[in-house]
Amino acid sequence: DGDAGDDDDDEDGELYRQLAAAKRHQQKAMLKLDAATAASRMAERRRQLSEEGKRLKEERLKKVADESVLSDTTQFVVSLDAAVAEEKEEQETAAAAAAVLKA
């Protein structure tokens with residue numbers, strides 16, 4: 001009868017070992033799932049940051065281009081004003097010379 005009790009203890013021990021092994025396996029699976037979830041979140045965040053970086057770069061390039069166009073336009077207007085002033089001065093000089101010749 002003592003052997004039957006030992007067999008029960010052996011069966012119980014084996015069940016506990018199997019249960020412990022199953023729990024370890026479950027814990028490892030949960031850790032892998034957590035790691036995969038974290039990796040997925042990180043990949044998504046990297047993608048979002050990459051898109052945001054591209055958007056900011058495009059905005060910065062557009063701003064630089066806009067500033068360049070504005071600068072070029074300002075230089076053109078200044079040059080045009082100078083040319084108009086020079087032309088007006090030449091016309092005034094020519095008018096004065098014509099008035100002197102008439103007199």
Side-chain angles (χ1 to χ4, degrees):
D1 286 338
D3 288 342
D6 289 341
D7 287 343
D8 287 344
D9 288 343
D10 288 345
E11 286 179 25
D12 288 346
E14 181 60 27
L15 288 174
Y16 282 119
R17 282 190 291 278
Q18 289 177 1
L19 180 60
K23 284 184 178 182
R24 283 192 304 274
H25 181 73
Q26 180 185 20
Q27 288 174 337
K28 285 181 183 178
M30 292 300 291
L31 288 174
K32 286 180 182 179
L33 178 62
D34 289 347
T37 301
S40 175
R41 285 185 187 140
M42 287 173 50
E44 176 61 19
R45 185 66 180 137
R46 277 194 300 269
R47 186 190 64 73
Q48 288 173 348
L49 290 173
S50 176
E51 287 179 6
E52 180 69 8
K54 287 176 187 176
R55 186 185 64 76
L56 289 173
K57 184 177 179 182
E58 288 172 2
E59 285 179 6
R60 190 169 48 247
L61 289 175
K62 184 182 182 308
K63 182 178 178 185
V64 167
D66 289 348
E67 289 172 355
S68 177
V69 168
L70 180 61
S71 175
D72 290 349
T73 302
T74 301
Q75 288 176 357
F76 174 74
V77 169
V78 168
S79 297
L80 187 60
D81 284 348
V84 168
E86 188 177 314
E87 181 66 26
K88 184 177 180 183
E89 187 178 311
E90 287 178 8
Q91 287 176 356
E92 289 172 355
T93 303
V100 168
L101 290 177
K102 286 183 180 178

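Starting from 1, each residue takes its place in the sequence as its number. All figures in this text were calculated on a predicted structure; none of them were measured in a lab.
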Give a yes or no on this: more than 12 heavy atoms of other residues, nucleotides or ligands lie within 6.0 Å of atom CD of E89. no
Separation between CG of L56 and CG of L61, rounded to the nearest 0.5 Å: 11.0 Å
Is the backbone N or O of L33 less than 3.5 Å from a side-chain atom of T37, with the two atoms forming a donor-acceptor pair by type? yes
When you measure from the side chain of T74 to the backbone N and O of L70, does any donor-acceptor pair fall under 3.5 Å? yes
Would you say E52 has more than 12 foreign heavy atoms packed within less than 6.0 Å of its CD? yes
Rounded to the nearest 0.5 Å, what's the gap from CG on L19 to CG on D12? Could you check? 12.0 Å
Salt bridge (Lys or Arg N to Asp or Glu O under 4.0 Å) with E59: which of K62, K63, R55? R55
Tested for side-chain contact (heavy atoms from CB on, under 4.5 Å) against E44, the lone hit among R46, R41, Q48 is Q48
Going from NZ on K28 to CG on L31, what distance comes out if it is rounded to the nearest 0.5 angstrom? 9.5 Å
Is the shortest side-chain heavy-atom distance between L15 and Q18 below 4.5 Å? yes
CG/L49 to NZ/K54 distance, rounded to the nearest 0.5 angstrom? 12.0 Å
Kindly compute the distance separating CD (E92) from CD (E87), expressed to the nearest 0.5 Å. 11.0 Å
Counting distance only, does the side-chain N/O of S79 pair as donor-acceptor with the main-chain N or O of Q75 below 3.5 Å? yes
